[in-house]
Amino acid sequence: MKHLLSIADISRLDAIKILDTAEELAKVSDTPMKKLPTLRGRTIVNLFAEDSTRTRISFEAAAKRLSADVINFSSKGSSLSKGESLKDTAQTLQAMGADAVIIRHGASGAPARLADCQWMSGAVINAGDGTHEHPSQALLDAFTIRRHLGQGREDLTGLRVGIVGDVLHSRVARSNVLLLTKLGAHVTLIAPPTLLPVGVESWPVSVSYDFDSVLESLDVVMMLRVQLERMQELFFPNAREYSRYFGLNSARLRTLHSDAIVMHPGPMNRGLEITADSADSARSVILEQVSNGVSVRMAILYLLLAGDTSIEAGN
Ligand code: NCD
């Protein structure tokens, strides 16, 4: 595999290989040195045309732990989605000698266009494109779930994951649905009908409009951020109504079974989709998601750039 554009492109075995590699690389992060020489002399460009904190610094930390040189290029408002400037951007990256480009962009499909163009030869890694996909987030989420609830299994067979909230605007939800079901989990989307995408019936998931009725059955509660910046119209009556029906609070936490975990990709709207006490509770693995993100992104860079050809797209 040359690029990581979408979870749809990778097989179950590819995914397991990334998770297993991340597990090995996590051991490096636990040593005082924290560094491997693997990508010494390689140049990795972080091209972020949309806001990001965690994902950008996580990829940067991952690249540096593998000894790569990192160039941060945060061009908010860049017009990468327009034909001419894509060419300019790609030619600039090529001239910088980029071995890999990690791209976040507001337009769905921008990373695929960069990967397909003939002006740049490096690997392209999708760090979130519009409402389409966020593959590295899904991989770090799967890694975190497997660590907590996998019981030594290589995949997530039989686990029940609820993805709650603004599915409509969420690339995290799309990548997670693809990956978690590939790994054998049963996924339930829990949201008001207005925040579910058209065509959700064809997704390999169950759908519920009633959070309380499914809570007890869940092993993982994955809360999504309400993406107010992507909402040009009204999707729910008001914030209080939203929290009452779809927010995670201490009463709902008490209903969960004793091993269940709470996740959120961040950034959180505390008080809207999740209360502060739920976010900070003993069930919350939200900060572990952040630290696991570095190991998983190291694994992605390692497998794409260190010449391992056994991760193949397809099948
Ligand atoms: C997510 C994103 O940007 O898609 N955040 C992240 O990468 N940690 C989710 C979000 O913004 O809600």
Side-chain angles (χ1 to χ4, degrees), residues 4-8 22 46-63 72 74-77 80 102-112 125-145 161-180 189-191 195-197 220-231 235-236 239 242-243 246-248 262-274 278-279 284-298 300-301:
L4 179 63
L5 301 174
S6 156
I7 294 293
N46 250 337
L47 175 63
F48 276 66
E50 207 188 56
D51 292 343
S52 172
T53 311
R54 284 151 255 267
T55 306
R56 190 180 57 73
I57 59 179
S58 179
F59 268 114
E60 182 169 352
N72 283 311
S74 297
S75 56
K76 204 182 170 202
L80 193 61
I102 295 155
I103 172 175
R104 165 165 292 194
H105 200 281
S108 299
I125 297 168
N126 180 3
D129 61 332
T131 57
H132 174 231
E133 276 224 38
H134 193 351
S136 64
Q137 179 71 42
L139 286 159
L140 77 89
D141 289 339
F143 181 85
T144 306
I145 297 172
V161 183
I163 303 182
V164 191
D166 186 1
V167 178
L168 180 64
H169 300 106
S170 179
R171 52 197 176 207
V172 173
R174 280 173 184 72
S175 288
N176 262 306
V177 164
L178 290 170
L179 183 63
L180 300 179
L189 301 179
I190 302 147
L195 288 178
L196 287 167
V220 178
V221 182
M222 186 183 288
M223 302 306 297
L224 297 174
R225 184 172 65 88
V226 177
Q227 304 208 0
L228 297 165
E229 79 280 16
R230 296 192 206 273
M231 295 185 186
F235 287 90
F236 48 85
Y242 183 86
S243 307
F246 296 99
L248 188 63
V262 169
M263 306 178 78
H264 192 303
M268 290 182 270
N269 294 309
R270 284 175 185 250
L272 182 55
E273 70 266 3
I274 189 164
S278 307
S284 164
V285 298
I286 296 170
L287 288 175
E288 282 175 50
Q289 288 173 267
V290 177
S291 12
N292 290 341
V294 178
S295 310
V296 168
R297 290 176 174 123
M298 284 173 80
I300 293 167
L301 293 171

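Everything numeric in this text was worked out from a predicted model, so none of it was measured. Quick note: residue numbers are just sequence positions, from 1. Order of appearance sets the numbers: ligands from 1, and atoms from 1 within every ligand. Keep in mind that the numbers below use all heavy atoms, side chains included, and drop hydrogens, waters and symmetry copies.
- Remark: ligand 1 atoms within the under-4.0 Å shell around heavy atoms of H134 are 2 (C), 4 (O), 6 (C), 7 (O).
- Across M223 and P265, no two heavy atoms sit closer than the pair O-CD, 3.2 Å.
- Compare G165, G266, S52 by their heavy atoms: the one nearest to atom 6 (C) of ligand 1 is in G266.
- Nearest heavy atom pair, residue S108 against residue G130, reads OG-CA, 3.7 Å.
- Closest approach of Q227 and H169 over heavy atoms only: OE1-O, 3.2 Å.
- Between R104 and D51, the shortest heavy-atom distance links the atoms NH1-O, 3.0 Å.
- In the vicinity of Q137, heavy-atom distances shorter than 4.0 Å reach the ligand 1 atoms 6 (C), 7 (O), 8 (N).
- At least one N or O atom of P265, backbone or side chain, sits closer than 3.5 Å to an N or O atom of ligand 1.
- Close approach to T55 involves these atoms of ligand 1, each under 4.0 Å from a residue heavy atom: 6 (C), 7 (O), 8 (N).
- Applying side chain to side chain contact (heavy atoms under 4.5 Å, CB included) to E133 and the options V172, N176, L179, I7 leaves one that passes, I7.
- Those atoms of ligand 1 that come under 4.0 Å of a heavy atom in Q227, given as number and element, are 10 (C), 12 (O).
- Within ligand 1, the atoms closer than 4.0 Å to a non-hydrogen atom of R104 are 2 (C), 3 (O), 7 (O), numbered from 1 in the order shown.
- Of all the heavy atoms in D129 and A107, the pair that sits closest is CB-O, 3.6 Å.
- A donor-acceptor pair shorter than 3.5 Å can be found between the side chains of N269 and E273.
- Those atoms of ligand 1 that come under 4.0 Å of a heavy atom in V172, given as number and element, are 1 (C), 4 (O), 9 (C).
- The heavy-atom pair separating V294 from A62 by the smallest distance is O-CB, 3.7 Å.
- Checked by distance only, ligand 1 and R171 come closer than 3.5 Å through their nitrogen or oxygen atoms.
- Protein heavy atom at the shortest distance from atom 10 (C) of ligand 1 is R225 NE, 3.3 Å.
- At a 3.5 angstrom cut-off on N or O pairs, P267 does not count as close to ligand 1.
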